[in-house]
Amino acid sequence: MKQNINIFSDFNTEILYNFLEQKLDKKLFKINKPIFGFFYENLFKFTKNKKKSHLSVVWTKVDSVVNSFNKILDYEKVNYKTLIKETDIYINLIKQLSHNSNHVLVFSWTLPQFSKGKFLNDFTDETGITKNLNILNKRVADSLKKYKNISFLNTNYITDGNDTDYNPKLWFLAKIPFTQKIFELASEEIFKIIKITKGQFIKLIVLDLDDTLWGGNVGDLGWQKINLGGHNALGEAFIEFQKKLKALNNLGVQLAISSKNEESKAMAAISKNKNMILKQKNFISWRINWRDKAKNIKDILKELNLSAENVLFLDDNLRERMRVKKGIKGINVPDLSDGPFFYSSILMNSGNFDFSKNITTEDLKRTQYYKDNSKRVKLKEKLISEENWLRSLNTRVSFKKLDNSNFDRILQLILRVNQMNLTTRRLSQKNLIDLRKKSNNYLICCDLKDRFGEMGTIGFFNLEIKNNVAVVKDFLLSCRAFGRDIEKSMIFKMTQIMKSKKISQLELNYVKTKKNSPCLYFLKKNFKSLKKNKFILNDINNFKLPRHLTISKS
């Protein structure tokens, strides 16, 4: 079934529509052609008809939506209560729209055409256009920030540097306020957001070292003489690039190394060169040797249990970029041919990063989680038997009802988990809130820890008790918890709930996607197939918790 995308605007967005039509897969998405000139009417009609949309894009002009703002443009006195009231009407409609849309993208307001304001006083004067525009944008942003499925995009990211191409004739003839280039850039941003909603964002950046993180070959120069920082233009560019990488690392994006070098010399540069911004602790894994880089990166992906589409590879060498791109299907490999001065801008523009509104505990601890998992993998390689490895981990799972402490994390998992996911329903904030109110739905989160440390909240299920049958509506588990029978512990928890309610039959309805075949494999192995994609468990008393797992109190 195709997912709908809607554009709501008070100006002509046909150019934007055309760009999106070219970018999106028509088998997966249907873009409804925007109707020009009836913004409020179209938005109100959509919300009242209870229509559904995967993504709704809202892009308006402040002077069209907030009528009182025109008085500010004309340097007339304005009633600020009316100004705020009109803005709040707009905000409330967007809130209503969020109930009909899985995701809503709102473009911020920009200065209207031909408006320069009061020049030097425009930020400080009470009737300054820029000052009041910023006040209204902040009010919209603050009012919408608690809605997890609404994103507020700073339109200046798109329009800055492109306004010189503005042609007033386009506005007067066709009510098109921006140039074709701006609409093209806007379509790219929307496309990135759509990919994020489908779980296609960068989780890991794999980096080369020589002439990528620093200038020169560390094997020839030694760690003391690599070009990094100092009173040197290239050295400063490498420092700035490392700062950007560290900032992304602070937001939960992982860093790894794949470099053709002697490991001892490369690690000496990282640990000893005083200008290094990135330290060994910032890298989750590394392969520093003379092997093929594509094979090294595949090893890293296997170690971290990540998909290639979630990885960005950065290397100054064209041959290495081409080899990795050819050898690893789906990996993101931007062109760094313009050189180190452009590395920072290329990084920020090429990465499809998920900057969530709320950074969860799991985001902040993700580097440690992966490092702990690396120890688990190494232990597994030492032990002959899989059973011995599982027992040696001393794995403890705990279950807790969905509450305010784990709400953001569960929303994050619902968006991101693809492989072990029964239905891949992308529930919204409102969906979860509504489900919490239902007495016959059990929304349970799964936490995991073992001898190497805590892994945080890694699983979730939604069990609905209805007509003496327990139906699993949602069932998902993070890929970093695969291979340890955590799925079975979640099913075991369901059977405990069922016993307390004197329910004997458990039903799971699998919805196939491109990536959730691991879930189907689990179902076929552990349940009886009633009919295609429908699985049941009748004898819940014989479903046992695996011996190597312990359920502890949360």
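Keep in mind the model is a prediction, meaning the values are calculated, not measured. By convention here, the first residue in the shown sequence is residue 1.
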Q: Do you know which two heavy atoms are closest between Val324 and Ala294, and how far apart they sit?
A: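 It is CG2-N, 4.1 Å.
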
Q: How would you list, by chain and number, every residue that makes a salt bridge (charged side-chain N to carboxylate O under 4.0 Å, His left out) with Arg426, sequence neighbours excluded?
A: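 For Arg426 there are no salt bridge (charged side-chain N to carboxylate O under 4.0 Å, His left out) partners, ignoring immediate neighbours.
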
Q: For the side-chain hydrogen bond (donor to acceptor under 3.5 Å, both in side chains) test, which of Lys438, Arg436, Lys430 pairs with Asp434?
A: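 Testing each of Lys438, Arg436, Lys430 against Asp434, the sole residue satisfying side-chain hydrogen bond (donor to acceptor under 3.5 Å, both in side chains) is Lys430.
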
Q: Please identify each residue that fulfils side chain to side chain contact (heavy atoms under 4.5 Å, CB included) with Leu28, with sequence neighbours left out.
A: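 Side chain to side chain contact (heavy atoms under 4.5 Å, CB included) list for Leu28, sorted by chain: Asp25.
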
Q: Keeping the roles fixed (side chain from Ser101, backbone from Val104), state whether a donor-acceptor pair exists under 3.5 Å.
A: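 Not a single qualifying donor-acceptor pair exists.
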
Q: Under 3.5 Å, is there a donor on one side chain and an acceptor on the other for Glu263 and Trp286?
A: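 Yes, a side-chain donor-acceptor pair sits under 3.5 Å.
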
Q: Under the ring pair (Phe, Tyr, Trp, His ring centres under 6.0 Å) rule, collect the residues that match up with Phe460, sequence neighbours excluded.
A: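 Per chain and number, Phe460 pairs via ring pair (Phe, Tyr, Trp, His ring centres under 6.0 Å) with no residue.
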
Q: Taking only residues two or more places apart in sequence or in another chain, which ones pass salt bridge (charged side-chain N to carboxylate O under 4.0 Å, His left out) with Glu464?
A: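 Checked Glu464 against salt bridge (charged side-chain N to carboxylate O under 4.0 Å, His left out); zero matches.
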
Q: List for me each residue that meets salt bridge (charged side-chain N to carboxylate O under 4.0 Å, His left out) alongside Arg425, sequence neighbours excluded, and say none if there are none.
A: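 Residues passing salt bridge (charged side-chain N to carboxylate O under 4.0 Å, His left out) with Arg425: Asp474.
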
Q: Hey, is NZ on Lys279 packed in by over 12 heavy atoms from elsewhere, all under 6.0 Å?
A: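 Yes.
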
Q: For Asn538, check side chain to side chain donor-acceptor pair (under 3.5 Å) against everything at least two apart and list the hits.
A: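 Checked Asn538 against side chain to side chain donor-acceptor pair (under 3.5 Å); zero matches.
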
Q: Do Asn42 side-chain atoms and Ile35 backbone N/O form a donor-acceptor pair below 3.5 Å?
A: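 Side chain of Asn42 to backbone of Ile35: a pair is present.
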
Q: Of all residues at least two apart in sequence or in a different chain, which pass the salt bridge (charged side-chain N to carboxylate O under 4.0 Å, His left out) check with Lys260?
A: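 Scan of Lys260 (salt bridge (charged side-chain N to carboxylate O under 4.0 Å, His left out), adjacent residues dropped) gives Glu320.
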
Q: Is the Phe527 ring parallel, tilted or perpendicular to the Phe543 ring (thresholds 30°, 60°)?
A: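 Phe527 and Phe543: parallel rings.
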
Q: Tell me if a side-chain donor or acceptor on Lys30 pairs with a main-chain N or O of Lys27 at a distance below 3.5 Å.
A: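 Looks like no, no N/O pair under 3.5 Å.
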
Q: Could I get the full list of ring pair (Phe, Tyr, Trp, His ring centres under 6.0 Å) partners for Phe492, not counting sequence neighbours?
A: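 Expected list: none.
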
Q: Before you tell me yes or no, could you show the steps for Asn100 and Ser53 under side chain to side chain contact (heavy atoms under 4.5 Å, CB included), namely the whole-Å CA-CA distance, both residues' side-chain angles and the distance that decides it to 0.1 Å?
A: CA-CA 6 Å; Asn100 297 63; Ser53 176; over 6 Å; no

Q: If only atom types and distance count, is the side chain of Asp408 paired as donor or acceptor with the main-chain N or O of Asn406 below 3.5 Å?
A: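 No.
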
Q: Grab the two heavy atoms, one from Asn296 and one from Ser258, that are nearest each other, plus how far apart they are.
A: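 Closest approach of Asn296 to Ser258, heavy atoms only: CB-OG, 3.7 Å.
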
Q: Which pairs pass side-chain hydrogen bond (donor to acceptor under 3.5 Å, both in side chains) with one or both residues in residues 491-505, sequence neighbours excluded?
A: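 Non-adjacent pairs meeting side-chain hydrogen bond (donor to acceptor under 3.5 Å, both in side chains): Tyr442-Lys501.
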
Q: For Tyr147 and His99, take the angle between the two ring planes, folded into 0 to 90°, and tell me which bin it lands in: parallel under 30, tilted 30 to 60, perpendicular over 60.
A: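 Tilted: the ring planes of Tyr147 and His99 meet at 30° to 60°.
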
Q: Look at the side chain of Glu454 and the backbone N and O of Asp447, then say whether any donor-acceptor pair between them is shorter than 3.5 Å.
A: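 Not at all, since once roles are kept as given, no pair shorter than 3.5 Å links the two residues.
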
Q: Under 3.5 Å, is there a donor-acceptor pair linking the side chains of Asn441 and Asn462?
A: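 Checked: Asn441/Asn462 side chains pair up, N/O donor to acceptor below 3.5 Å.
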
Q: Tell me every residue that passes side chain to side chain contact (heavy atoms under 4.5 Å, CB included) with Asn394, counting only those two or more places apart in sequence or in another chain.
A: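 Scan of Asn394 (side chain to side chain contact (heavy atoms under 4.5 Å, CB included), adjacent residues dropped) gives Arg396.
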
Q: Counting only heavy atoms not in Asp335, do more than 12 fall under 6.0 Å of its CG?
A: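 Yes, enclosed.
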
Q: Please check if the number of heavy atoms outside Lys23 that lie under 6.0 Å from its NZ is greater than 12.
A: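 Result for NZ/Lys23: enclosed.
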
Q: Run the ring pair (Phe, Tyr, Trp, His ring centres under 6.0 Å) test against Tyr17 and tell me which residues pass, sequence neighbours left out.
A: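 With neighbours one apart ignored, the set is empty.
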
Q: Are the side chain of Lys473 and the backbone N or O of Thr423 linked by a donor-acceptor pair below 3.5 Å?
A: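 Checking the backbone N and O of Thr423 against the side chain of Lys473, no donor-acceptor pair under 3.5 Å is found.
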
Q: Do the two ring centres, one from Phe241 and one from Tyr343, sit under 6.0 Å apart?
A: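 When the ring centroids of Phe241 and Tyr343 are compared, they turn out to be within the sub-6.0 Å range.
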
Q: Sort and list the pairs that fulfil salt bridge (charged side-chain N to carboxylate O under 4.0 Å, His left out) and have at least one residue in residues 283-299, not counting sequence neighbours.
A: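 Non-adjacent pairs meeting salt bridge (charged side-chain N to carboxylate O under 4.0 Å, His left out): Asp208-Lys293, Arg287-Glu303, Arg291-Asp299, Asp292-Arg323, Lys293-Asp315.
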
